[in-house]
Amino acid sequence: MSKEPVAVVGIGQTKHVAARRDVSIAGLVREAARRALDDAELTWADVDAVVIGKAPDFFEGVMMPELYLADALGAVGKPMLRVHTAGSVGGSTALVAANLVAARVHGTVLTLAFEKQSESNAMWGLSLPIPFQQPLLAGAGGFFAPHVRAYMRRSGAPDTVGSLVAYKDRRNALKNPYAHLHEHDITLEKVQASPMLWDPIRYSETCPSSDGACAMVLTDRAGAARAPRPPAWVLGGAMRSEPTLFAGKDAVSPQAGKDCAADVYRQAGVTDPRRDIDAVEMYVPFSWYEPMWLENLGFADEGEGWKLTEAGVTELDGDLPVNMSGGVLSTNPIGASGMIRFAEAALQVRGQAGEHQVERAGKVLGHAYGGGSQFFSMWLVGARPPMS
Amino acid sequence: MPEVLKAPLVVEFPFTRSLGPVQSAFLTGLRERVVLGVRAADGRTLVPPVEYDPVTAEEIRDLVPVASTGTVTTWAWNHAPRRGQPLATPFAWVLVRLDGADTALLHALDVPGPDAVRTGMRVRIRWAAERVGAITDIACFEAHAGGAAPDGGDPDALPDDRVTGIVAPARLDYTYSPGRAQSAYIAALSTRRTVGERCPTCRKVYVPPRGACPTCGVPTTEQVEVGPRGTVTTFCIVNIKAKNLDIEVPYVYAHIALDGAGLALHGRIGGIPYDQVRMGLRVEPVWTEGARYPDHYRPTGEPDADYDVYKELL
Amino acid sequence: MTREEPSDRRDVAVVAFAQSDVLRTTDELSEVEMLMPVLHSVLDRTGLKTADIDFTCSGSSDYLAGRAFSFTLALDGVGAWPPISESHVEMDGAWALYEAWTKLLSGDADTALVYSYGKSSPGSLRDVLTRQLDPYYVAPLWPDSVALAALQAQALIDAGDTDEPALAAIGARSRRTATLNSHAQLRGSVPPGDYAVRPLRTGDCPPVGDGAAAVILAAGERARELCSRPAWIRGIDHRIEAHSLGVRDLTDSPSTRLAAERAGAFDRPVDTAELHAPFTSQEVVLRKALRLDDSVRVNLSGGALAANPMMAAGLIRVGEAAARVHRGESDRALAHATSGPCLQQNLVAVLEGEPR
């Protein structure tokens, strides 16, 4: 028996900011969920199940917060699942929800991911002191910067590429009313003059810490037929994991990322991603990850990804726009960041991305990753339903 | 097998919680000794007032005052109060349906003993002397002989300086133990030796060992001393001072593959200007008295390692 | 709308189950060191290797360990290389099993490894669990898990549903039957003890312990190849209730009843039930919601009153029920898992063996 096709018929997110001081945690998730339902023109009663994701519970200091959030998300009397796969969780959560529809367990599922980082401090949550272990010597960026240097060594990329990505993403964010950072006076010179925090990563090439939530309504063919606006169809979706640290790990281009993309392309019948896919919304917490992921995802040969960035191919009006929303570099409620990527991909194929809409968006890839570059989740969405 | 290591691990943070309008009104009310409920779609008055209707999921905002007296709907006798609980002396946990409310609020009841509490007993709020706009503004409940007190008044008459957030300190105490493999690793470090473990299947040496070969999924057991020298495989220059570290910036944070190890560990590079550190630099550990880990690694003076030798160890 | 069950739905079965001994402390072992032997054991039962598994899903909680991302290190015990298709829920492993079941239903996978683990010994579990409660109105009062269960127990006593001797009998029966379960933590003759939080005595409360469990699922013919008598999942469903204790009827569990209905538990009688009732009083609530009479053998494993490793105890209920089907000791068994204060969230699975 073939899988039920899955459609995204509702998308909602909050205006992402450093601190949402006017809402509770419930109020934050509720706002995104309500907008997704409104987009789909559905009510709470139309939802069969809720799948929620977020990063570590220590961020808000609430253990398994879905228990407290059941009322706010209309889940009382319904099934509710809580996913946690580190930074990739927003993507994984959407895929778990999509599979409930694909398996014909439910007809319509609300999926949501959030983080309210202002309740604590992200660095505290990420680096709880563990006895006997050497303290983390370098902060969050220091964890990633050596991998960026390894990429530069391997690819021979000029050291300006990172600033090009940051400049592009921050300009894209200006077109996205939900993005956290709106740096109206951004210039390439300013990016390049920003302090070098973790050489080779500059301040302007790092992501902010945000409060935010993102929600989607996923449904089956019948639900899509009733939808008031064009749906985005899931053409392929996959998760892949590899260990945190291991002998022979390629932190620059992890095998799990390659395998995950290959699985998605196989499901969707994509043979040449560079040709078949129109745009990509990928998880780039530090600017250099754009060229790294372009290679990992098969859009460029190894060592060649930076050339696409440098040539402007990944600009909003380029041949392969990347991070039309402004990306993680402009908005980062950690647990929601993956789902925002997935939602942006869906917005684009639905033609509802507003000012950051790309012209030709028939098939768009959404990508998330987390942990020590070890957990990957991706989906490819299209304007047309999958062939079956 | 070395002694199992243990150490206290304290997870503590003062969480800053912003409030939605219903919570803000309720906690502001408590500060003013007024209890507010919220009206649900089915006409029930919910106390404490929640933001979303537990039946219909709709947003509810219709605040109504209720009395500071009420009836115990169930109870439990807590003879040994725990840290953070409302009273330090033995008390009853109670669910109390306040007069005018249809649902019950959880709090403590101060009575002399379990024989002095029963379901159905009448109670009233004992207000905290200092109130800040938090659930702890109710110090506890106490026995009340009589009927309903008048309700606290008009929710619209609350002062303008609303409570918009609470600080919720939370401390949990753990005893951390790192397990067999890491205990052995740490024990060896105390004699300034770095001892990893070899996977019986793929033969790679894990440093630090974590008890399992993560690619083969089998226990590592054979102990193998590695280093002390190693190669910088990649690095970054840290220009931002970490809050909890007493290290002058800039400094170099590097991945270092100790000779014989199957993967790199992390350390600081010293004894060389930061801008002269390079991939392939050969280094050795520098220990300080009493430290568990090397303070940093310094150049050995050997020629740099060839990229092909360490490119799998980044 | 939730769909009617399609008639051509794939058959999925539990084909193997393994668990660790549950111990008060396992401080000589890291989480992965505790978990790995269980993973090896469950794979050995089927002859499968990690590379033969199509999908892996686990359940655990950072708050038990006191460290963020604790599940990432547990993954070391799986041997996730080449990379695997894998997911994790911050829930009891019973919900990881549910997620894996949907992956088999959709045809994405033919086999799945499900595992979960919890080490409660590093922290003070009663205090840790207070962090699950409404962070504005309830968590600041630090009402511990035993206190909340005691409020529920008193409500049951007030309603005439039980009394203290009846609760003590549930505790005694559970530990007595657990003498046959070598993995259980609390076995044999256990006195009712003093009040923990009245009306609950220590004997009404679960032991605090560390443990891990794993299950393998397989679909259709693959299940028959891997197990001589697969425990077919005839239905599985889970439901959540409102969070606030004050709006719930603590003497009832409507979410359990609804999940059981959706799982088909009431279609025909079951002969065996494994209930995840950490407190004696909660068995009373669950028996009522599930309409279990004396003809049903309840918690022959001893249940959560004999061993309650957090995040694994629910998955163990499914595993225990399945193992009885595997061994031919049950033809139709019900397994239940719970999460949250006072049975807020509940899962019910119905497992069947084919006629012998």
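Just so it is clear: chains get the letters A, B, ... in the order the sequence lines come, proteins before strands, and each one is counted from 1.
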*Which one of A/Ala75, A/Gly77, A/Ser88, A/Ala26 has the most heavy-atom pairs closer than 4.5 Å to chain C?*
A/Gly77

_What part of C/Leu75 gets within 4.5 angstrom of chain A, counting heavy atoms only: side chain, backbone, both, or neither?_
side chain

*Kindly indicate whether the side chain of A/Arg240, heavy atoms from C-beta on, has any atom under 4.5 Å from the side chain of C/Ser85.*
yes

*Between A/Gly371, A/Gly53, A/Ala86, A/Ala55, which residue shows the highest count of heavy-atom pairs closer than 4.5 Å to chain C?*
A/Ala86

*Do C/Gln132 and A/Tyr68 have side-chain heavy atoms sitting under 4.5 Å apart?*
no

_Heavy-atom contact with chain C under 4.5 Å, split by part of A/Asp71_ = side chain

*Search all heavy atoms of A/Met80 against all heavy atoms of C/His238 and return the closest pair with its distance.*
N-CE1, 3.3 Å

*asked:* On a heavy-atom basis, which atom in C/Ser106 and which in A/Ala102 lie closest, and how many Å separate them?
replied: CB-C, 4.2 Å

*Tell me, out of A/Val50, A/Leu81, A/Thr244, A/Val51, who's got the most heavy-atom pairs with chain C below 4.5 Å.*
A/Leu81

*asked:* For C/Asp62, which atoms come within 4.5 Å of any heavy atom of chain A: side chain, backbone, both, or neither?
replied: both

_Proximity breakdown for C/Asp108 and chain A, heavy-atom pairs closer than 4.5 Å_ = side chain

_Aromatic ring pairing A/His84/C/His88, orientation class (parallel under 30°, perpendicular over 60°, tilted between)_ = perpendicular

*Evaluate the side-chain proximity of A/Val62 to C/Tyr63: yes if any heavy-atom separation is below 4.5 Å, no if none is.*
no

*Would you say A/Leu67 and C/Ile240 make side-chain contact, with heavy atoms under 4.5 Å?*
yes

_Taking side chain as everything from C-beta outward and backbone as N, CA, C, O, which of these in A/Ala256 sits under 4.5 Å from a heavy atom of chain C? Side chain, backbone, both or neither._
both

*Beyond-backbone contact of C/Leu105 with A/Arg104, side-chain heavy atoms, under 4.5 angstrom*: no

*So, for A/Asn99 and C/Thr102, which heavy atoms are closest and what is the spacing to 0.1 Å?*
ND2-O, 2.9 Å

*asked:* At a 4.5 Å cut-off on heavy atoms, which part of A/Ser24 comes close to chain C: side chain, backbone, both, or neither?
replied: both

*asked:* As an exercise: rank C/Gly66, C/Pro254, C/Ser244, C/Ser255 by heavy-atom pairs under 4.5 Å with chain A and give me the winner.
replied: C/Gly66

*Sort out for me which residue in A/Met239, A/Lys258, A/Glu242, A/Gln374 forms a side-chain contact (heavy atoms from CB on, under 4.5 Å) with C/Pro83.*
A/Glu242

_What's the separation between atom CH2 in C/Trp95 and atom CD in A/Glu66, rounded to the nearest 0.5 Å?_
10.0 Å

*What part of C/Ser61 lies closer than 4.5 angstrom to a heavy atom of chain A: side chain, backbone, both or neither?*
side chain

*Looking at A/Arg82 and C/Met91, what are the two nearest heavy atoms and their distance?*
N-SD, 3.2 Å

_Return the CD1 to CZ distance between A/Ile130 and C/Arg67, rounded to the nearest 0.5 Å._
4.0 Å

*Would you indicate whether the side-chain heavy atoms of A/Val105 and C/Arg9 approach each other to under 4.5 Å?*
yes

*asked:* Counting heavy-atom pairs under 4.5 Å with chain A, which one of C/Val138, C/Ile84, C/Leu104 comes out on top?
replied: C/Ile84

*asked:* In the structure I gave you, are the side-chain heavy atoms of C/Pro82 and A/Gln255 within less than 4.5 Å of one another anywhere?
replied: no

*Residue among A/Leu245, A/Asp259, A/Val96 with most heavy-atom pairs under 4.5 Å to chain C*: A/Val96

*Side chain from CB out, backbone as N, CA, C, O: work out which of these in C/Ala242 comes under 4.5 Å of a heavy atom of chain A, or both, or neither.*
both

*Say you draw a straight line from CG of A/Leu100 to NZ of C/Lys103; how long is it, rounded to the nearest 0.5 Å?*
10.5 Å

*Spacing of A/Ser377 atom OG and C/Glu86 atom CD [to the nearest 0.5 Å]*: 11.5 Å

*Considering all heavy atoms of both residues, which atom of A/Ile25 and which atom of C/Tyr136 are nearest to each other, and what is their separation?*
N-OH, 2.9 Å

_Heavy-atom proximity to chain C below 4.5 Å, by part of A/Pro65_ = neither

*At a heavy-atom separation under 4.5 Å, does C/Gln345 approach chain A through its side chain, its backbone, both, or neither?*
side chain

*Would you mind checking which part of C/Glu241 comes under 4.5 Å of any heavy atom in chain A, side chain (CB onward), backbone (N, CA, C, O), both or neither?*
backbone

*asked:* Between A/Phe376 and chain C, with a heavy-atom cut-off of 4.5 Å, which part of the residue counts as in contact: side chain, backbone, both or neither?
replied: neither

*By a 4.5 Å heavy-atom criterion (distance strictly below it), what part of C/Val128 contacts chain A: side chain, backbone, both, or neither?*
both

*Mutual orientation of the aromatic rings belonging to A/Phe375 and C/Phe71 [parallel < 30°, tilted 30-60°, perpendicular > 60°]*: tilted

